[in-house]
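Only one structure is covered here, and it is reproduced in the block below.
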Amino acid sequence: MGRLEKLRAVSEIPSILVTDPTNVRYLTGFTGSFGQAIVTETRQVFVTDSRYRIQAGEQCLGWDLRTFQAPIKGLDFLRDTVKDLGVSRLGFESDSVTYDRWDSLKGAFSGVELVPAPGVVGKLRMIKEPSEIEALSRACALTDACWEYLRPKIQANVSEYDLALEIEFYFRRQGAQEAFSCIVVSGERSARPHGTPSDKRLQHGDFVTFDFGAKVDGYCGDITRTVVIGEASARHKEIYDAVNESRAAAIDAMRPGKLGLEVDQLSRDVLAKYGLDGYFGHGLGHSLGLQVHDSPSGMRDIEIAEGMVLTVEPGVYIEGFGGCRIEDDVVLRASGAECLTKSPRELLIL
């Protein structure tokens, strides 16, 4: 069953307007910055402006393409398109449409009932198709290759900024993009789970955490590795080993039908053996796909299913000392979780 057929099967509303850019790409293949999709029980119409007429014609195969140009206004053209399709009840993505946009739609679509339809396409994106898993595998392979390239450059007196630039340049040189702005934090700054790179230079005895990923054909990789500069103390080793044990135990426990909450709690139970669970404040992982935090954005509230691609990223963050996170990307098979990221997980002292 194709994506449109799946959408029609799960939607309780005969017609739906899809405006979220990621969902538009998922359904149509369109990669431009402006496009809207209308899906009815029998039709699929793609609306964009004249800037993207050629691109949409190349990418939106099987869609009824309709474009407009100035001085016609986009909302007026969309209204006329909905009227032409004979739509009287239209779902809209209430989880991404702003109040002002909804108010504009309500004012323009006289005689059309607007029905909230949150997460309809997002739910489809939770289960990856084989072609998506292949794209994610390529993104993870390039992310692993970047880590291999970066490791010799990680040494004392190099700044966090410089290492972050090396990551970005590496992906650009390979014809890819960063999936997100990378994290490079060292020393006490590594206790910031989402810290941004600074001009701080790496020092002997620092934990250094790297969180980064490649975007390949629109799909994202996401890996985190933590190293120590110069010499690891007993405290460094204790924290690192506990986090790595937590990561491995969570991956081993992941099976279709397992509740994400159970796996998340298991990772915390491992850290609790070492008195470190109180230093793990974020969720264990999230979905990965066209967005680095794909649908669903968290693991705790889902039932794990075959075809999901999820991150597993426990961490320990101690203010005044530093932090450690180790993250892998996994695809759920019938037999369990398979790691798409392959970079070594043992503690590196550089």
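- Closest heavy-atom contact between Ala117 and Ile16: CB-CD1, 4.0 Å.
- With salt bridges taken as basic N to acidic carboxylate O contacts below 4.0 Å, none links Arg225 and Glu327.
- Once rounded to the nearest 0.5 Å, the distance linking SG of Cys324 with OH of Tyr240 reads 6.0 Å.
- Going from atom CD of Glu160 over to atom OG of Ser186 covers 3.5 Å, rounded to the nearest 0.5 Å.
- Looking at Thr67, its side chain never comes within 3.5 Å of a backbone N or O of Arg53 through a donor-acceptor pair.
- By the 4.0 Å N-to-carboxylate-O rule, Asp76 lies close enough to Arg79 to be salt-bridged with it.
- Taking a 6.0 Å sphere around CD of Glu12, one finds it holds 12 or fewer heavy atoms contributed by other residues, nucleotides or ligands.
- At least one donor-acceptor pair closer than 3.5 Å links the side chain of Asp264 to the backbone N or O of Leu284.
- No more than 12 heavy atoms of other residues, nucleotides or ligands sit less than 6.0 Å from atom CZ of Arg43.
- Although no hydrogens or angles enter the test, the distance criterion places a donor-acceptor pair under 3.5 Å between the side chain of Ser190 and the main chain of Gly323.
- With Glu132 contributing its side chain and Glu129 its backbone, the two residues share a donor-acceptor pair below 3.5 Å.
- Rounding to the nearest 0.5 angstrom, the gap separating the CG atom in Leu163 from the CZ atom in Arg151 is 14.0 Å.
- Checking side-chain atoms of Asp144 against main-chain N and O of Lys342 turns up a donor-acceptor pair under 3.5 Å.
- Remark: Thr81 engages Ile38, Val45, Val47, Arg66, Phe77, Leu85 in a side chain to side chain contact (heavy atoms under 4.5 Å, CB included) (not counting sequence neighbours).
- The number of heavy-atom neighbours closer than 6.0 Å to OH of Tyr279, taken from other residues, nucleotides and ligands shown, is 12 or below.
- A single hydrophobic cluster is not seen to contain both Leu202 and Phe321; linkage of ILVMFWY side chains at heavy-atom distances under 4.5 Å, directly or through other members, places them apart.
- Hydrophobic clustering (ILVMFWY, side-chain heavy atoms < 4.5 Å, transitive): Ile167 and Leu142 are in one cluster.
- Arg325 and Tyr317 share a donor-acceptor pair across their side chains, judged by distance under 3.5 Å alone.
- Just one residue in the list Lys200, Arg189, Arg201, His236 forms a side-chain hydrogen bond (donor to acceptor under 3.5 Å, both in side chains) with Asp206, and that residue is Lys200.
- For the ring-ring contact (aromatic ring centres under 6.0 Å, His included) condition, the pairs that include at least one residue of residues 131-159, sequence neighbours left out, are Trp147-Phe210, Tyr149-Tyr170.
- Here Leu165 contributes atom CG and Cys182 contributes atom SG; the two are 8.0 Å apart, rounded to the nearest 0.5 Å.
- With respect to the salt-bridge test (charged N to carboxylate O, under 4.0 angstrom), the residues Asp294 and Lys128 qualify.
- A donor-acceptor contact shorter than 3.5 Å links the side chain of His286 to the backbone of Val292.
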Mind listing the side-chain donor-acceptor pairs of residues 24-31 below 3.5 Å, one per line with the distance, residues two or more places apart or on another chain?
| unit_1 | atom_1 | unit_2 | atom_2 | d |
| --- | --- | --- | --- | --- |
| Arg25 | NH2 | Asp217 | O | 3.2 |
| Thr28 | OG1 | Val24 | O | 2.7 |
| Thr28 | OG1 | Phe30 | N | 3.0 |
| Thr31 | OG1 | Gln55 | NE2 | 3.1 |
| Thr31 | OG1 | Gln59 | OE1 | 3.4 |
| Thr31 | OG1 | Gln59 | NE2 | 2.9 |

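- The main-chain N or O of Glu313 is never found under 3.5 Å from a side-chain atom of Thr311 such that the two would form a donor-acceptor pair.
- Taking OG1 from Thr341 and CG from Asp328, the interatomic distance works out to 3.5 Å, rounded to the nearest 0.5 Å.
- Of the possible donor and acceptor atoms, none in the side chain of Arg51 sits under 3.5 Å from a partner among the backbone N and O of Thr48.
- Remark: the backbone N or O of Thr19 is paired with a side-chain donor or acceptor of Glu93 at under 3.5 angstrom.
- Summarising the local packing, CG of Asp301 is surrounded by 12 or fewer heavy atoms from other residues, nucleotides or ligands at distances under 6.0 Å.
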